[in-house]
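What you see is a predicted model; the values in this text were computed from it and never measured. These values consider heavy atoms only, across backbone and side chains, with no hydrogens, waters or symmetry-generated copies. First listed ligand is number 1; within each ligand, the first listed atom is number 1.
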Amino acid sequence: MTDERRPATMLRAAAVSRSFAGVVALDEVTLELDRHEVVGLIGPNGAGKSTLVNVMTGFDRPTAGRVVLAGDDITRWPPHRRGRAGLARTFQHARSFAGLSVRENIEVSALGVGVTTAMARERADRLLDLLGLSSIEGVPASILPHGAERLLGVARALATEPHFVLMDEPAAGLNEAEVPAFAEVVRSVRDDHDAGVLLIDHNMALVMAVSDRVHVLDEGRTIAEGTPDEVRIDAAVGSAYFGRGAADAADE
Ligand SMILES: Nc1ncnc2c1ncn2[C@@H]1O[C@H](COP(=O)(O)OP(=O)(O)OP(=O)(O)O)[C@@H](O)[C@H]1O
Ligand SMILES: [Mg+2]
């Protein structure tokens, strides 16, 4: 075990800003994720959610602000170094190896953090079962339906046994009947795998059901944070999603 693998209890984006040629994608956003919680990250399209995940996992650098893991400033660390320190993510768009099977994709992910072949196989067994992918373990990733592809992304992230896993729309493509099982997966990551989860999803019922706290972005700024109940009744959140007047309408 390297130094970087010592137990990390807190991942923090501190006053993070990111601009793209004049477009302010993030404006001094501060978000903390503890190892024993699920934080929902919501907001309308273009709010800055994926940009924040990119900055926190090292796929992008902030224009200002810092990313801190267990007290270490990791703002300049590349993704693979953050991975070794216990950070994992899923992608909004497919990133699996198309030519490899579902099982092989999971095993390759585990092997990437240095476990033995036998351990990689064991992790794949467990994750195929957890994500409900066992019956399609031999199927090439390239022909997976959208929902299964998302779940494979989650399995690949979990195969590294992360301390924190940041999921960018993992439930997109699941049908309504499949969502409750996915909610159980998220809870199990927190409760059984001992990892903090940052969950981005447009399925509000899912986010509200599994999150301990919810963080709301709109146009790059934090407009609300709190428990699901607090956020649900927040007027600014209503406006961001439904336009002015929606919060009043929701009270009726
Ligand atoms: N690489 C980039 N180059 C230029 N602009 C970008 C880039 N990445 C993001 N943006 C812009 O930053 C803003 C935030 O985008 P981001 O993808 O983070 O939003 P999001 O909340 O994830 O939206 P969605 O719900 O649609 O996934 C948008 O205006 C987007 O166009
Ligand atoms: Mg996004």
Colleague: Out of Ser19, Gly22, Ala21, Gly46, whose heavy atom is nearest to atom 14 (C) of ligand 1?
Modeller: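 Nearest option to atom 14 (C) of ligand 1, by heavy atoms: Gly46.
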
Colleague: Is a side-chain N or O of Arg150 found less than 3.5 angstrom from the main chain of Leu174, in a donor-acceptor match?
Modeller: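 Side chain of Arg150 to backbone of Leu174, a donor-acceptor pair under 3.5 Å: no, none is there.
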
Colleague: Find all atoms of ligand 1 within a distance of less than 4.0 Å from any non-hydrogen atom belonging to Thr51, and give their numbers and elements.
Modeller: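 Those atoms are 9 (C), 14 (C), 15 (O), 16 (P), 18 (O).
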
Colleague: Below 4.0 angstrom from a heavy atom of Gln92, which ligand 1 atoms are there? Numbered from 1 as shown, please.
Modeller: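 Counting from 1, the qualifying ligand atoms are 27 (O).
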
Colleague: Answer yes or no for Gly43: is there a heavy-atom contact with ligand 1 below 4.0 Å?
Modeller: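 Checking ligand 1 against Gly43, which is what was asked, there is no heavy-atom contact under 4.0 Å.
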
Colleague: Answer yes or no for Asn45: is there an N/O/S atom below the 2.8 Å cut-off from the Mg ion (ligand 2)?
Modeller: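 Of the N, O and S atoms in Asn45, none lies under 2.8 Å from the Mg ion (ligand 2), which means no.
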
Colleague: If you round to the nearest 0.5 Å, how far is CG of Asp72 from CZ of Arg66?
Modeller: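 The CZ atom of Arg66 sits 10.5 Å away from the CG atom of Asp72.
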
Colleague: Given side chain to side chain contact (heavy atoms under 4.5 Å, CB included), test Ile106 with Arg123 step by step and report yes or no.
Modeller: CA-CA 8 Å; Ile106 301 171; Arg123 285 189 191 182; 5.6 Å; no

Colleague: Do any heavy atoms of His202 fall under 4.0 Å from ligand 1?
Modeller: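 It does; at least one heavy atom falls under 4.0 Å.
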
Colleague: Give a yes or no on whether a salt bridge exists between Asp192 and Arg187, defined as a side-chain N under 4.0 angstrom from a carboxylate O.
Modeller: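 So Asp192 does not pair with Arg187 through a salt bridge.
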
Colleague: Does the protein come close to atom 31 (O) of ligand 1 - that is, does one of its heavy atoms sit below 4.0 Å from that atom?
Modeller: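 No, because not a single protein heavy atom sits under 4.0 Å from atom 31 (O) of ligand 1.
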
Colleague: If I take atom CG from residue Leu111 and atom OG1 from residue Thr160, how far apart are they, to the nearest 0.5 angstrom?
Modeller: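 Interatomic distance, Leu111 CG to Thr160 OG1, rounded to 0.5 Å: 12.5 Å.
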
Colleague: List the closest protein heavy-atom neighbour of atom 21 (O) of ligand 1: residue, atom name, distance to the nearest 0.1 Å.
Modeller: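 The closest heavy atom on the protein side is Lys49 NZ, 2.8 Å.
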
Colleague: Can you pull out the closest protein heavy atom to atom 11 (C) of ligand 1? Residue, atom name and distance to 0.1 Å, please.
Modeller: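 Heavy-atom neighbour on the protein nearest atom 11 (C) of ligand 1: Phe20 CD1, 4.0 Å.
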
Colleague: If you count the atoms of ligand 1 from 1 in the order shown, which ones are under 4.0 Å from a heavy atom of Asn45?
Modeller: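 Those of ligand 1 that fall under 4.0 Å from Asn45 are 23 (O), 24 (P), 25 (O), 26 (O).
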
Colleague: Hey, which atoms in ligand 1 end up nearer than 4.0 Å to a heavy atom of Glu169?
Modeller: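 Close to Glu169: 25 (O), 27 (O).
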
Colleague: Rounded to the nearest 0.5 Å, what's the gap from CG on Asp218 to NZ on Lys49? Could you check?
Modeller: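 These two atoms lie 9.5 Å from each other.
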
Colleague: In terms of heavy-atom contacts, does CD of Glu219 have more than 12 from other residues, nucleotides or ligands at under 6.0 Å?
Modeller: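 Counting neighbours around CD of Glu219, 12 or fewer heavy atoms of other residues, nucleotides or ligands fall under 6.0 Å, so no.
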
Colleague: Nearest 0.5 Å, what's the CG-CZ distance between Asp201 and Phe182?
Modeller: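 Between Asp201 CG and Phe182 CZ, I get 7.5 Å after rounding to 0.5 Å.
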
Colleague: Considering non-hydrogen atoms of the protein only, which is the closest contact for atom 17 (O) of ligand 1, and what is the distance?
Modeller: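 Heavy-atom neighbour on the protein nearest atom 17 (O) of ligand 1: Ser50 CB, 3.8 Å.
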
Colleague: Quick one: look up the protein heavy atom nearest atom 12 (O) of ligand 1 and list residue, atom name and how far away it is.
Modeller: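 Checked against all protein heavy atoms, atom 12 (O) of ligand 1 sits closest to Ala25 CB, 3.3 Å.
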
Colleague: I'd like to check whether Ala47 has a polar contact with ligand 1, where a contact means an N/O of the residue lying under 3.5 Å from an N/O of the ligand.
Modeller: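 Yes; the residue has a nitrogen or oxygen that sits under 3.5 Å from a nitrogen or oxygen of the ligand.
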
Colleague: As a quick check of understanding, evaluate salt bridge (charged side-chain N to carboxylate O under 4.0 Å, His left out) for Arg126 and Asp129, giving each step before the final call.
Modeller: CA-CA 5 Å; Arg126 239 182 316 119; Asp129 185 48; over 6 Å; no

Colleague: Strictly under 2.8 Å, is any N, O or S atom of Thr51 next to the Mg ion (ligand 2)?
Modeller: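 Checking Thr51: none of its N, O or S atoms is under 2.8 Å.
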
Colleague: Tell me the protein heavy atom at minimum distance from atom 29 (O) of ligand 1, and give that distance in Å.
Modeller: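 Residue, atom and distance for the closest contact: Val23 CG1, 3.8 Å.
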
Colleague: First locate atom CD1 of Ile200, then atom CD1 of Ile42, and finally report the distance between them rounded to the nearest 0.5 Å.
Modeller: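 Here the rounded value is 11.0 Å.
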
